Structure formats: structure tokens, C-alpha cells
Amino acid sequence: MTGDNSHRVWVGSPMVLAACCCMGASAKAADTTLACLLEDSVSHAQRALEISFNERAQYVTVNGKTAVADISDTRITFRVELSDRVPLDFALDRASGVINIVSTASSAKTRVIYSGQCKILDPT
């Protein structure tokens with residue numbers, strides 16, 4: 001999204017998420033931004049996270065950190081170190097908007113640490 005006069009609007013349906021994410025090649029050239037509401041699996045605290053991805057270039061950006069992603073018609077998966085040098089594995093189901101974030105740090109057994117729902121932010 002470019003320009004200071006951009007407005008962001010929540011898209012209400014997971015089906016709209018799937019339709020927007022699977023549009024033709026012209027849409028794949030631009031970044032798509034998702035707003036995700038996550039819940040901690042232990043404390044149940046909620047957290048918002050914004051994820052941008054570019055399907056053609058196969059990358060994502062989370063909290064200013066860019067990573068290579070595996071983006072298919074059904075899933076988006078990637079690994080990012082958000083803090084404390086702990087790699088987190090992200091898996092987003094494109095049809096439903098469900099996201100799971102898994103910790104694979106050796107000190108913590110592999111487990112889902114956040115789960116939630118993502119929706120596309122409308123760039124208009």
C-alpha cells in the first residue's frame with residue numbers, strides 16, 4: 001500500500017479472503033496485507049499481527065521482518081524470528097483464514113503457541 005491517504009477496511013468473510021488471495025496474475029504481483037487476531041495458547045492473551053505477502057515473489061513480511069515463504073493456492077507457510085532469536089513457524093490456511101504459529105525452539109517442545117484468524121485488509 002502506497003500513499004498516506006490509504007484506508008484499511010476489514011473484509012468480513014473467509015470466503016472473501018480465499019477469493020482475494022486466489023485472483024489472477026495481476027493481483028499476484030502486488031502485496032496483500034492480512035490482519036490477524038491471535039490468541040496465546042497458554043495465557044489466552046490476544047494479540048494483533050499484520051502480515052504482508054507477495055505471491056509472485058514468494059515472500060512475507062511480519063513486524064518488519066521479511067522471509068521467504070511457500071505460498072500455494074491453499075496455504076502460506078514461512079519461518080520468522082520475531083524476538084529472542086526464537087524461530088517461529090507460521091501456517092495460514094487460505095480458505096478459512098486460520099493461522100497457527102508453532103515454536104520449534106529446542107528448549108520448548110514443538111507446540112502451537114498462537115492460533116487465530118486472519119482477514120485481508122482492503123487497500124482502498
Side-chain angles (χ1 to χ4, degrees):
M1 293 181 3
T2 60
D4 293 335
N5 59 355
S6 298
H7 295 3
R8 296 179 180 172
V9 179
W10 284 88
V11 176
S13 164
M15 294 310 291
V16 174
L17 173 66
C20 292
C21 290
C22 298
M23 287 183 184
S26 62
K28 292 180 183 179
D31 284 359
T32 301
T33 303
L34 305 171
C36 303
L37 182 60
L38 307 171
E39 184 174 290
D40 184 297
S41 63
V42 176
S43 68
H44 302 289
Q46 292 191 342
R47 174 181 179 180
L49 187 65
E50 192 171 285
I51 300 171
S52 296
F53 70 93
N54 185 299
E55 189 166 353
R56 177 175 282 165
Q58 295 284 300
Y59 72 81
V60 297
T61 302
V62 181
N63 285 1
K65 297 189 180 191
T66 301
V68 174
D70 181 14
I71 303 173
S72 71
D73 290 340
T74 58
R75 291 178 57 87
I76 299 172
T77 57
F78 57 97
R79 176 178 279 190
V80 173
E81 290 180 8
L82 292 180
S83 63
D84 300 326
R85 299 190 184 266
V86 175
L88 299 174
D89 292 322
F90 291 71
L92 171 68
D93 179 83
R94 291 179 75 168
S96 66
V98 171
I99 188 168
N100 288 304
I101 303 172
V102 176
S103 171
T104 56
S106 59
S107 61
K109 294 184 181 180
T110 301
R111 62 183 175 92
V112 174
I113 58 171
Y114 289 101
S115 60
Q117 187 73 38
C118 297
K119 298 181 182 189
I120 283 191
L121 292 178
D122 188 356
T124 59

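None of the values given here were measured: they were computed from a predicted structure.
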_Set out, in order, the CA-CA distance, both residues' side-chain angles and the distance that settles side chain to side chain contact (heavy atoms under 4.5 Å, CB included) for Y114 and N100, then state yes or no._
CA-CA 6 Å; Y114 289 101; N100 288 304; over 6 Å; no
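Once rounded to the nearest 0.5 Å, the distance linking CD1 of I51 with SG of C118 reads 5.0 Å. Between atom SG of residue C36 and atom CD1 of residue I99 there is a gap of 4.5 Å, rounded to the nearest 0.5 Å. Note that CG of L34 is 10.5 Å distant from CD of Q117, once rounded to the nearest 0.5 Å.
Listed here is the closest heavy atom pair of K65 and V80: CB-CG1, 4.1 Å. Of all heavy-atom pairs between S52 and T33, the closest is OG-OG1, 3.1 Å.
Remark: the backbone N or O of A91 is not paired with any side-chain donor or acceptor of R75 at under 3.5 angstrom. In this structure a side-chain-to-backbone donor-acceptor pair under 3.5 Å is present from S41 to V112. With hydrogens and angles disregarded, no donor-acceptor distance shorter than 3.5 Å links the side chain of Q46 to the backbone of L37. Proximity of a side-chain donor or acceptor of E50 to a complementary backbone N or O of T61 within less than 3.5 Å is not detected.
The side-chain heavy atoms of L88 and S103, taken from C-beta on, include a pair separated by under 4.5 Å. With a 4.5 Å cut-off on side-chain heavy atoms, I76 and R94 count as touching. Using a 4.5 Å cut-off on side-chain heavy atoms (C-beta onward), T77 and D89 make no contact.
For E39, the side-chain hydrogen bond (donor to acceptor under 3.5 Å, both in side chains) test picks out H44, with sequence neighbours left out. Remark: F78 engages F90 in a ring-ring contact (aromatic ring centres under 6.0 Å, His included) (not counting sequence neighbours). Scored by the side-chain hydrogen bond (donor to acceptor under 3.5 Å, both in side chains) test, S43 finds no partners at all (sequence neighbours excluded).
A side chain to side chain contact (heavy atoms under 4.5 Å, CB included) with Y59 holds for exactly one of I71, D31, V68; it is D31.
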